[in-house]
Amino acid sequence: MADLDRVLGPGGAMETFEAARKEGKIRYIGFSAHSVETALSAIERYPFDTILFPVNWVLFSQANFGPQVLERSAQKGWAVSRLSHGQDHLVC
């Protein structure tokens, strides 16, 4: 969570990303997270365009790891790419 605070805080990397977007150097800003807590915090704190998040069936169904992130991302209308053992898939 400290990394997220630094990126989004004053003088953080997000200022550079926003400047690049304003200059037309990039079109979209997204993030990757490996914890539900950090992902949900990022979703609430910045209007990202997309998220890369690890989702696998066992953690999703047995440990309740991930459904909250996918649900909140869907509510925001964001694209979600999921990480899964060497395969990336778009989840909408």
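Just so you know, these numbers use all the heavy atoms, side chains as well, and skip hydrogens, waters and symmetry mates. By convention here, the first residue in the shown sequence is residue 1.
Residues Ile43 and Ser73 form a side-chain contact, since some pair of their non-hydrogen atoms from C-beta on lies under 4.5 Å apart. In this structure, Val7 and Arg45 have side chains that are not in contact, with every pair of non-hydrogen atoms separated by 4.5 Å or more. In this structure, Phe31 and Leu4 have side chains that are not in contact, with every pair of non-hydrogen atoms separated by 4.5 Å or more. Counting heavy atoms from C-beta on, the side chains of Trp78 and Thr50 never come closer than 4.5 Å.
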Taking distance alone, no hydrogens or angles, what donor-acceptor pairs closer than 3.5 Å link side-chain atoms of residues 32-40 to residues at least two apart or in another chain?
unit_1 : atom_1 : unit_2 : atom_2 : d
Ser35  : OG     : Thr38  : N      : 3.0
Ser35  : OG     : Thr38  : OG1    : 2.9

Give the table of side-chain donor-acceptor pairs shorter than 3.5 Å for residues 21-28, with sequence neighbours excluded, one pair per line with atom names and distance.
unit_1 : atom_1 : unit_2 : atom_2 : d
Arg21  : NH2    : Asp49  : OD2    : 2.4
Glu23  : OE1    : Lys25  : NZ     : 3.0

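The CZ atom of Arg6 sits 11.5 Å away from the CG atom of Leu8 when rounded to the nearest 0.5 Å.
Counted within 6.0 Å of CZ on Phe17, heavy atoms from surrounding residues, nucleotides or ligands total 12 or fewer; the atom is thus considered open.
A search for side chain to side chain contact (heavy atoms under 4.5 Å, CB included) contacts involving Leu59 returns Asn56, Ala63, Phe65, not counting sequence neighbours.
Side chain of Glu15 to backbone of Gly11: a donor-acceptor contact under 3.5 angstrom is found.
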